[in-house]
Amino acid sequence: MTHRFQAVKGTRDILPPESALWNRVEQTARRVFATYNFQEIRLPLFEETELFARSVGADTDIVSKEMYSFEDRDARSLSLRPEATASVVRAYIQHGLHTRPGLTKLYYIGPMFRRERPQKGRYRQFYQVGAEVLGSSDHPALDAEIIEMLLVFLDRCGLREYTLYVNSIGCSDCRPKYIERLRGELQKVKDQLGADSRRRIETNPLRVLDSKLPEEQPIIEKLPSILDHLCDACRDHFQKFQQELKDRSLAYEINKRLVRGLDYYIRTTFEVTAPGLGAQNAICGGGRYDGLAELLGGPPTKGMGFALGTDRLLLALRQVEESGGKDQLDVFMVWLGASALRAARMLARRLREQGISTELLYEETKLKKALGLADKSSARYAVLIGEDELAQNKFTLRDMRSGQQRAMSESALLRELAASAGASAAEE
Ligand code: HAM
């Protein structure tokens, strides 16, 4: 028996009509980000493994357990990218982008790969829309402005319910002292913790705060908070950042346990969650990563950004979008007779040139059957061309919702359809 191939576990095909929603979300990102002066960067899908080990952190789950790594023919270890911030910073250094004037504002759209246990909202190939600002500014207004851009984007996509959580995880001055204090407290309650958290007391005590184990929650609630251990500069930054959010009327909640699963963050961290997604409810995460460029051998650089999980955003949007998800076909063209086909072909080409989507039958089909097909295609209009129309040098435009028909000249038809296609694009 021949093997029936299936998409590999944790990967999936995105078929129409769902693919239209993906395009719409990505198009919205491009539009909104451009208004904040961001430009697109297209990055490789794989990099040297060491790039991720150094930036995301060798002890993180992402690097130690979840990367798709392989040895290339020249024995170098490469990995499919589990995230893109490391690649953006690598590109920033490699191309000397710091020598360009002003801040570097970049966005990316594309697949990431992590070998996690697949479940609702969690895939092994998933998609992110991300944005990063690199340069010399660690002004808290920048942190707030990036979040504003993200929330404007979510709003434009039609997401109404979400929560923005923010935190500060300090800097290389204050965090090590806090971590020592945390480690000391964790040692005292070690026996009540699960195996993962016990191990993390040594490797990465901050990550214990991120534990989802129900039995650990009361213990974690009582642990000292990073917010009580920030140095003056970090406390000032966090306060100003919150004021900047308030000045922009952006609602937020502080989550003192928001430490994130990547090592490069300093000061600001944030996440956006949406209801209805079960355990994987974080649709977006980000924060500040001043110093990451130096860690990768680059010049002193501040950085701030986020990545949004497109798969999860679309799950959250599903109900909102269900009604109008499919890209609507504008015109279904019905022709009768060889000379009508010639006219139909020319008209179809002109309509498509104007951005009006058009379906044209390749074979002659009886009028009744052709109109039935037009109906099934959910086209907004049918254009009919037969002998009568050819004789009068006109086309019949049929509104598929009302069933009303009108004979029109080609130029009148183009005008009318262009106006109607323009109106539906403006509705989006
Ligand atoms: P992250 O929190 O690891 O951050 O991922 C960002 C988002 O990607 C998550 O909030 C989630 O929506 C989505 N995501 C992550 N893993 C999966 C998965 N297995 N399946 C589906 N969706 C997933 C980063 O990646 C950082 N690079 C964000 C950043 C940019 N920080 C600063 N700049």
Side-chain angles (χ1 to χ4, degrees), residues 9-12 14 22 25 33 38 41 43 47 51-52 55-57 60-63 65-68 80-92 104-134 142-143 146-147 149-150 153-154 157 159 162-167 169 207 210 255 258-274 277-293 301-317:
K9 187 175 172 190
T11 73
R12 65 214 173 106
I14 295 156
W22 284 72
V25 162
F33 296 176
F38 279 68
I41 181 166
L43 298 157
E47 300 264 6
L51 173 70
F52 301 116
S55 35
V56 176
T60 58
D61 285 353
I62 296 178
V63 170
K65 299 190 205 156
E66 297 168 1
M67 281 207 300
Y68 284 95
L80 296 185
R81 60 182 190 187
E83 61 105 53
T85 309
S87 302
V88 171
V89 178
R90 195 253 322 126
Y92 179 83
T104 303
K105 299 184 175 184
L106 299 167
Y107 74 86
Y108 49 86
I109 296 178
M112 310 290 156
F113 307 86
R114 294 183 195 174
R115 200 175 191 290
E116 295 189 84
R117 201 165 44 77
Q119 62 180 87
K120 181 181 171 193
R122 191 159 75 189
Y123 309 97
R124 290 180 172 178
Q125 174 170 335
F126 61 98
Y127 294 80
Q128 284 186 346
V129 170
E132 316 284 352
V133 177
L134 291 137
L142 183 99
D143 306 33
I146 292 180
I147 293 177
M149 175 173 92
L150 167 69
F153 162 63
L154 292 179
C157 288
L159 189 72
Y162 55 79
T163 311
L164 165 67
Y165 292 102
V166 302
N167 192 24
I169 57 166
R207 296 285 299 148
D210 209 24
N255 177 358
L258 182 61
V259 289
R260 312 264 307 122
L262 304 92
D263 282 354
Y264 48 61
Y265 293 110
I266 84 149
R267 292 188 171 165
T268 311
T269 55
F270 69 96
E271 265 178 23
V272 176
T273 64
L277 296 180
Q280 305 307 320
N281 66 349
I283 57 168
C284 179
R288 184 163 270 292
Y289 49 88
D290 304 346
L292 176 57
T301 308
K302 319 281 187 205
M304 164 80 196
F306 66 80
L308 168 118
T310 318
D311 308 79
R312 292 186 193 170
L313 173 64
L314 280 158
L315 276 174
L317 284 174

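Scope of the values below: all heavy atoms of this structure, side chains included, with no hydrogens, waters or symmetry mates. Each ligand, and each atom within it, is numbered from 1 in the order the structure gives. Keep in mind that this is a model prediction, so the values were computed, not measured.
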Among all protein heavy atoms, pick out the one at the shortest distance from atom 26 (C) of ligand 1; state its residue, atom name and that distance to 0.1 Å.
Tyr264 OH, 3.3 Å

among protein heavy atoms, the one nearest atom 9 (C) of ligand 1 is Ala282 O, 4.0 Å

Proximity winner for atom 33 (N) of ligand 1, if only heavy atoms of Arg115, Glu132, Gln128 are counted:
Glu132

Going by the atom numbers of ligand 1, which of them fall below 4.0 Å from some non-hydrogen atom of Phe306?
29 (C), 30 (C), 32 (C), 33 (N)

Closest protein heavy atom (residue, atom, distance) for atom 7 (C) of ligand 1:
Ala307 O, 3.6 Å

Residue, atom and distance of the protein heavy atom nearest atom 20 (N) of ligand 1 read Tyr123 N, 3.0 Å

Quick test: of every protein heavy atom, which one is nearest to atom 13 (C) of ligand 1, and how far off is it to 0.1 Å?
Gly309 CA, 3.6 Å

Proximity flag Gly121 to ligand 1, non-hydrogen atoms under 4.0 Å:
yes

Before we go on, tell me: are the rings of Phe33 and Phe153 under 6.0 Å apart, centre to centre?
yes

Which atoms of ligand 1 have any heavy atom of Tyr289 under 4.0 Å away?
32 (C), 33 (N)

Numbered atoms and elements of ligand 1 in range of Gly286, under 4.0 angstrom, heavy atoms:
31 (N)

Interatomic distance, OH@Tyr165 vs CG@Leu258, rounded to 0.5 Å, equals 10.0 Å

By number and element, which atoms of ligand 1 are closer than 4.0 Å to a non-hydrogen atom of Leu262?
3 (O), 4 (O)

Please confirm whether Gly261 comes under 4.0 Å of ligand 1, counting heavy atoms of the residue only.
no

Residue set satisfying side chain to side chain contact (heavy atoms under 4.5 Å, CB included) with Asp311, at least two apart, ordered chain then number -> Arg12, Trp22, Tyr123, Phe126, Tyr127

Has the side chain of Asn281 got a donor or acceptor atom that lies under 3.5 Å from a matching backbone atom of Thr273?
no

Show which atoms of ligand 1 fall inside a sub-4.0 Å distance from at least one heavy-atom site of Gly285.
10 (O), 28 (C), 29 (C)

Heavy-atom nearest neighbour in the protein, as seen from atom 19 (N) of ligand 1, with distance rounded to 0.1 Å:
Glu116 OE2, 2.7 Å

Need the ligand 1 atom indices (1-based, order shown) with element for anything under 4.0 Å from a heavy-atom of Ile283.
10 (O), 12 (O)

d(Ile266 CD1, Met304 CE) to nearest 0.5 Å is 11.5 Å

Could you check whether any heavy atom of Met112 sits closer than 4.0 Å to an atom of ligand 1, since that is the contact criterion I want to use?
no

Using 0.5 Å steps for rounding, measure from the OH atom of Tyr162 to the SG atom of Cys284.
11.0 Å

Using a 4.0 Å heavy-atom cut-off, say whether Tyr127 meets ligand 1 through its side chain, its backbone, both or neither.
neither

Looking only at heavy atoms, what is the nearest atom pair of Ala131 and Met149, with distance?
CB-CE, 3.7 Å

Applying a strict 4.0 Å limit to heavy atoms, is Tyr265 in contact with ligand 1?
yes

At under 4.0 Å between heavy atoms, is it the side chain or the backbone of Arg122 that contacts ligand 1, or both, or neither?
both

Side-chain (Arg122) to main-chain (Arg117) donor-acceptor, under 3.5 angstrom
yes

Of the listed options (Glu83, Arg260, Arg288), which comes nearest to atom 1 (P) of ligand 1 when hydrogens are ignored and any heavy atom counts?
Arg260

Closest contact, heavy atoms only, Glu132 versus Gly305
OE1-CA, 3.4 Å

Contacts of type salt bridge (Lys or Arg N to Asp or Glu O under 4.0 Å), residue Arg260, not counting sequence neighbours:
Glu271

Nearest protein heavy-atom contact for atom 23 (C) of ligand 1: which residue, which atom, what distance?
Phe126 CD1, 3.3 Å

What I want to know is whether Ala84 and ligand 1 share at least one N or O pair that is separated by under 3.5 angstrom.
no

Rounded at 0.5 Å granularity, tell me how far CD1 in Ile109 sits from CG in Leu43.
11.5 Å

Of all heavy-atom pairs linking Gly261 and Ile62, the shortest is O-CD1, 4.3 Å

Identify the protein heavy atom lying closest to atom 32 (C) of ligand 1, giving its residue, its atom name and the separation to 0.1 Å.
Gly305 O, 3.2 Å

Do ligand 1 and Arg114 have nitrogen or oxygen atoms that lie under 3.5 Å from each other?
yes

Give a yes or no on whether the backbone of Leu277 and the side-chain of Arg312 come within a donor-acceptor separation of less than 3.5 Å.
no

Any salt bridge linking Arg90 with Glu47? Criterion: basic side-chain nitrogen under 4.0 Å from a carboxylate oxygen.
yes

Taking 4.0 Å as the limit for heavy-atom contacts, which would you say applies to Cys284 with ligand 1: side chain only, backbone only, both, or neither?
backbone

Check: Gln128 side chain, Gly130 main-chain N or O, donor-acceptor pair, under 3.5 Å
no

